[in-house]
Amino acid sequence: MSDELIWRIAGGSGDGIDSTSQNFAKALMRSGLDVFTHRHYPSRIRGGHTYVEIRAADREVQSRGDGYNFLLSLGDSFARNPQEEAYYGNEEIKPLSENLDELREGGIIVYDEGLISEEDVEAVNLHERAEENDWHVFPVDLRGLAKEHGREVMRNTAGVGVTAALLDMDLEHIEDLMSDAMGGDILEANLEILHEAYEMTKEDHDFEHDLRVPEGSHETEQALLSGSNAIAYGAIDAGCRFIAGYPMTPWTDVFTILSQNFPDMGGVSEQVEDEIAAAALAVGASHAGVKAMSGSSGGGFALMSEPLGLAEMTETPLVLIEAMRAGPSTGMPTKPEQADLEHVLYTSQGDSQRVVFAPGNIEEAYEQTRLAFEIAWDYQIPAIIIYDQKLSGENTNVDVEFFDRDPQPDLGSTLTEEELREAAHDNSGKFKRFNHEDAENGVAQRSIPGQKGGRYLATGNEHSPVGHISEDPDNRVAQMERRLEKLESIRAELDEERDSTQTYYGPDDADYGIITWGSSQGAVSEAIERLNAQGHSVKGISVSDMMPFAEKEVTEFLESVDEAMVVEMNATAQFRGLIQKELGRFGDKMTSLLKFNGNPFEPAEIVEGYEVNLADEDRQPTAQVRIEPAAGD
Amino acid sequence: MSAFNAIGEEREIDRDEYTPGVEPQPTWCPGCGDFGVLKSLKQALPEAGKTPEEVLTVTGIGCSGKLNSYLDTYGFHTIHGRSLPVARAAKLANPELEVIAAGGDGDGYGIGGNHFIHTARENHDITYIVFNNEIFGLTKGQTSPTSPKGHKSKTQPSGSAKTPLRPLSTSLNAGASYIARTAAVNPNQAKEIIKEAIEHDGFAHVDFLTQCPTWNKDARQYVPYVDVQESDDYDFDVNDRAEAAEMMRETEDVLNEGTVLTGRYYVEDDRPSYSQEKHAVGEMPDQPLAERYFDDDAEWERSYDLLERHT
Ligand SMILES: Cc1ncc(C[n+]2csc(CCOP(=O)(O)OP(=O)(O)O)c2C)c(N)n1
Ligand code: SF4
């Protein structure tokens, strides 16, 4: 019995690879395994080579691992001219050729004989390579099989049938999921294809490989969720009912999920003319008394800088989502990077303050989105969730019970009409909305337009307690100090009243530390496990509180180790810079391990980075990963 | 829930309620046309039966943007060019609010031009007053999108090479359902038009000619104006799109020659507002969204019901 299965399905984008893999991943989860999915796709609409990887094991899996052990290579229908049924371009063998490098020794290859010819197979030296690597190759006419019982696109199903047979899986979960997803003739045809492929494979092949699906054992019900799902559901449970946006990958996922669900829950979603408008709409809706959010990715978020500042100055609560992708400018639209940290922390004019959380896994994405809403509405400050294309698209299973909590429609520091009657007003009857005199934690209570006795002016200019534009120096200082107090109060609340939003790995007394943030967390945690298994003494912290910064936790962590490596997906060590800026020391303790080629870290790269760093070798780990030495080196 | 239900309440509303107490006093220059807008709003709002607390005025940045500093309603003085997106979201969040957006020609037709076109296209039920003084006032007299061709300013010292924007025609083409032009120098007409605009269900765009004696001494707004509804020379049907379009063209042409035509140009009463359209397709709740937060009996759906799709 193998300890894990990493199944890769490869083919043309637009060929239904996503939905097929989603179902297969769920089937594995239902059989009791922990799963993790990784999606690779190019920035084009149809065609182009794509794959999805599913890692399944009887233990927590938080990264895609290194390499994989089962390839289902479908053949790219969009590389073909549909009229003549002839291939054009040179993409037809990519589902084979592009995937072989990462296939582990002893791995299995199933390829579609109906679309990938013997010539193609020879062109990539498959047989020789298979011999060298001890791969088991199973050519099957998936396309023919699909056509015979239904339609050509159903060759995915045939592929799943073959997979199940080769791995000795039960078809039960797969069948269930199919009947959930479709019905009628389509379901019939798919089931037929599934069974036919299964039986045929069982009859025709002797299985000389020992790869099997591990046995899993969940005790409670699991849900398979992406980071985008988790953020969207976190927002719903936080009471968010207004979203405005403009599509941009990968933010579009959150935008779409909420747009599809809001009509049923009385929420409003608006797709608008640009990102300035999107964030300004969220400000307007929040001002009018609705928990609202907007978001974008790098370039679109740049446009939101203005309304973000407006929200800060007018103390309008707001949640913004920043789903990073590789930049600068339009960068690599479908590739992850963690390089917008400084952009998100410091964009917008003035002594600008906001709350920034960087969740590192699916649970954190849900929890921190909820937390962001709560803090934004309690403290009347914008809160930003920063994550990336990797976390956005990957799916992992989460215990359903984890989500079981109440919706939170509370508008935080907002007064009722009864309370407004008691509140301070000026002599013309205006509510002292920005009253710095009895503010607590920097928060002055607010009213909502329409409420009696709550009239005030909100303005992006500096203003007096009732909201009149004011350049009075004393007022300026008082207002500024009150607003600045918020971040300190939030820091105190996070430290004293709440569970830490930071996540720790490895033994407490380890003497080497790895620090990371956001979606690199999964690969780091696995690398730490491996290093400790090899006898090293390594621990890790994955930091989520970017602003206000997790000062106490990171200080304690850095003080407790001799040396540390900061792992992040960007070229300029932005997070390490933040630590140094916030803590003002530790510059000589921290080395950076950086990756910015468009692909996320894999655990082995972090292990290697550690080894190179520890051995103090004068070389870079691999061509794709960089070490930036500690200050003073 | 009573917080938002003040609309329709029976009581006399005094115009003074819209005027703040001692401060702040307007900082506009003597003779500025902006006083005219303020005055007509203070007259029109009570006549339209609105209490200060059910009105939200959203302004941009510019001399014009200060409007709600001197008008005692709920107000949101936003940023340059962005009053419309803020205003329309407030209206979607709480349709019971009377939402009035206002700003300058630079603010609304320049930097905010994109929002103007899309707000008109969607026909949001808000009133939009553009203080059109054909100049940037607050930043001291630069050429604006409505300044005439050849207009000289510090930033276009040889005279603007650009043809001015046609706000009325642009608005009509974009989809506004009420379009009028009025002028600060004609207070009675201005008040009536603003009142109509407030009462109109849909995007009501009022191009309000406001003189800027400080920076735009040549502005045509000083010359006598003609009310196209009062004059026998102009006979067109305000409900007819083609006739309205022609009248707007003429109005915009002759303005450059020094003839100021004002009045209602287009009124489309039967076009549903954006929130009605959105409601019809099932994307807008029956009750004002903002009310749910104050309603202890409101049912809040939970995300974990959605989780079933993922198990
Ligand atoms: C993003 C941005 N750009 C520029 C400015 C500077 N600015 C303030 S008001 C204004 C123009 C004002 O002209 P207009 O909108 O016609 O209004 P008026 O002052 O004439 O009423 C400009 C350019 C700003 N505040 N924000
Ligand atoms: S500069 Fe012009 S627009 Fe501004 S207040 Fe003075 S007169 Fe009015």
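A, B, ... follow the sequence lines: proteins, then strands. Residue 1 opens every chain.
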Show every donor-acceptor pair shorter than 3.5 Å between a side-chain atom in residues 261-268 of chain A and any protein atom, with sequence neighbours excluded, or say none if there are none.
residue: A:N261; atom: OD1; partner: B:R309; partner atom: NH1; Å: 3.4
residue: A:N261; atom: OD1; partner: B:R309; partner atom: NH2; Å: 3.1
residue: A:N261; atom: ND2; partner: A:I257; partner atom: O; Å: 3.0

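Ring geometry for B:Y74 versus A:Y456: interplanar angle over 60°, hence perpendicular rather than tilted (30 to 60°).
Salt bridge annotation for A:K452-B:E53: absent, with no cationic side-chain nitrogen under 4.0 angstrom from a carboxylate oxygen.
We find the CD1-OG1 distance between A:I469 and B:T27 to be 7.5 Å, quoted to the nearest 0.5 Å. In this structure, A:L457 CG and B:D72 CG are separated by 9.5 Å, a value rounded to the nearest 0.5 Å. Distance check: B:I79 CD1 to A:M313 CE gives 12.5 Å after rounding to the nearest 0.5 Å. If you take CD on A:Q260 and CG on B:L306, they are separated by 11.0 Å, rounding to the nearest 0.5 Å. Distance check, rounded to the nearest 0.5 Å: CG of B:L92 to CG of A:L281 gives 7.0 Å. With values rounded to the nearest 0.5 angstrom, A:L310 atom CG is found 11.0 Å from B:R82 atom CZ.
Looking only at heavy-atom pairs under 4.5 Å with chain B, the residue among A:E221, A:Q222, A:E270, A:Q22 that has the most is A:E270. If you tally non-hydrogen atom pairs under 4.5 Å between each of A:A280, A:A458, A:A292 and chain B, the highest count goes to A:A458. Per-residue heavy-atom pair counts under 4.5 Å with chain B were compared for A:A244, A:G454, A:G429, and the maximum is reached by A:G454. Put simply, of B:R121, B:R292, B:M284, B:K66, the one with the most heavy-atom pairs under 4.5 Å next to chain A is B:R292. Contact count against chain B (heavy-atom pairs under 4.5 Å) is highest for A:D274 among A:V400, A:D274, A:V272, A:T416. By number of non-hydrogen pairs under 4.5 angstrom with chain B, the leading residue of A:V283, A:I276, A:D180 is A:I276. Ranked by heavy-atom pairs shorter than 4.5 Å toward chain A, the options B:I117, B:V281, B:N114, B:V58 are led by B:N114. By number of non-hydrogen pairs under 4.5 angstrom with chain B, the leading residue of A:K26, A:R405, A:R241, A:K291 is A:R241.
Judged by distance alone, the side chain of A:R30 and the main-chain N or O of B:T311 form a donor-acceptor pair under 3.5 Å. Here the side chain of A:D237 pairs a donor or acceptor atom with the backbone of B:S303 at under 3.5 angstrom.
Environment of OH in A:Y246: sparse, with no more than 12 heavy atoms of neighbouring residues, nucleotides or ligands closer than 6.0 Å. By the 6.0 Å contact criterion, CD on A:E419 is enclosed, its count of non-hydrogen atoms from other residues, nucleotides or ligands being greater than 12.
At a 4.5 Å heavy-atom cutoff, A:F431 makes no contact with chain B through either its backbone or its side chain. Only the side chain of B:E122 comes within contact range of chain A, with at least one heavy atom under 4.5 Å from a heavy atom of that chain. Interface remark: B:L56 contributes side-chain atoms only to the contact with chain A (heavy atom separation under 4.5 Å). Within the 4.5 angstrom heavy-atom criterion, only side-chain atoms of B:K278, from C-beta onward, approach chain A. Contacts between B:R302 and chain A at a heavy-atom distance below 4.5 Å involve backbone atoms as well as side-chain atoms. Within the 4.5 angstrom heavy-atom criterion, only side-chain atoms of A:T316, from C-beta onward, approach chain B. At a 4.5 Å heavy-atom cutoff, the contact between A:L224 and chain B is made by backbone and side-chain atoms alike. Both the backbone and the side chain of A:E306 come within contact range of chain B, with heavy atoms under 4.5 Å apart.
Pairing each heavy atom of B:L97 with each of A:A288, the nearest pair is CD1-CB, 4.3 Å. Taking both residues in full, the closest heavy atoms of B:A93 and A:V290 are given as CB-CG2, 3.6 Å, listed atom of the first, atom of the second, then distance.
Between the side chains of B:H310 and A:Y233, at least one donor N or O lies within less than 3.5 Å of an accepting N or O. If you check the side chains of B:Y304 and A:E401, you find no donor sitting under 3.5 Å from an acceptor.
Counting heavy atoms from C-beta on, the side chains of A:N461 and B:I61 come closer than 4.5 Å. Taking 4.5 Å as the limit, every side-chain heavy atom of B:E301 sits out of range of all side-chain heavy atoms of A:I236. Between B:F294 and A:E417, the closest side-chain pair of non-hydrogen atoms is not below 4.5 Å. Put simply, the side chain of A:D410 does not reach to within 4.5 Å of the side chain of B:Y293, judged on heavy atoms.
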Exercise for the section: Might you work through the side-chain contact (heavy atoms from CB on, under 4.5 Å) test for B:L307 and A:L225, ending with a clear yes or no? Expected result: CA-CA 9 Å; B:L307 283 183; A:L225 286 191; 4.0 Å; yes
